[in-house]
Amino acid sequence: YQRRVHGALGFSSILGLLYSEPFSQHKMAAQIEDERLKDYIQEQEYISTVKITNMIAQTCFQKCVSNFKVKDLDKKETTCVTNCADKYIQHVIRSTTRFFEEMRQAQIDKAQSQAVLTASGYKTPQ
């Protein structure tokens, strides 16, 4: 009965987690925060994907589609939209890759600076 009412762990299991060791409440809070962070990141990735997709569709439509007398795209418009979308996606991939390369290099530079300061005896402020 407790498992159905209180979820997969059950009420007694949750109490056991809370009181099994001194820092278990902290661990549980950290796990919950990690899950919230993962959910937030997934939501932001989804939003970003939708924005990029919409931007590609809008940009390529405005650039390539000119004949509104027929419901289908002609061959020239189809080719233009395909090429436009491909270029846009390649640009997004290159930009994202470059951004992460720069972030990684900044982390490396920071770690190296920290190591030099530590080796010279400088204590970083807390």
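At least one donor-acceptor pair closer than 3.5 Å links the side chain of T49 to the backbone N or O of E45. With Q42 contributing its side chain and D39 its backbone, the two residues share no donor-acceptor pair below 3.5 Å. Side-chain N or O atoms of T59 include none that pairs as donor or acceptor with a backbone N or O of I56 at under 3.5 Å.
The structure places CD of Q112 at 7.0 Å from CD of Q105, a figure rounded to the nearest 0.5 Å. Distance OG1/T79 to NZ/K75: 6.5 Å, rounded to 0.5 Å. Here the CE-CD1 distance, from M103 to I108, works out to 12.0 Å after rounding to the nearest 0.5 Å. Taking OG1 of T78 as the start and CG of N83 as the end, the distance is 11.0 Å to the nearest 0.5 Å. Rounding to the nearest 0.5 Å places CD of Q107 at 13.5 Å from CD of Q114.
Put simply, the side chain of R36 does not reach to within 4.5 Å of the side chain of Y40, judged on heavy atoms.
Hydrophobic cluster membership is shared by F61 and L73, with clusters built from Ile, Leu, Val, Met, Phe, Trp and Tyr side chains linked at under 4.5 angstrom. Hydrophobic clustering of Ile, Leu, Val, Met, Phe, Trp and Tyr side chains at less than 4.5 Å, counting indirect connections, keeps Y46 apart from I52. Under the 4.5 Å side-chain contact rule for hydrophobic residues, V50 and Y88 do not share a cluster.
Nearest heavy-atom pair across C84 and K63 is SG-CD, 4.4 Å.
Residues R98 and E101 are paired through a salt bridge, judged by an N-O separation under 4.0 Å between the basic side chain and the carboxylate.
Between C60 and C80, the sulfur-to-sulfur (SG-SG) separation does not fall under 2.5 Å.
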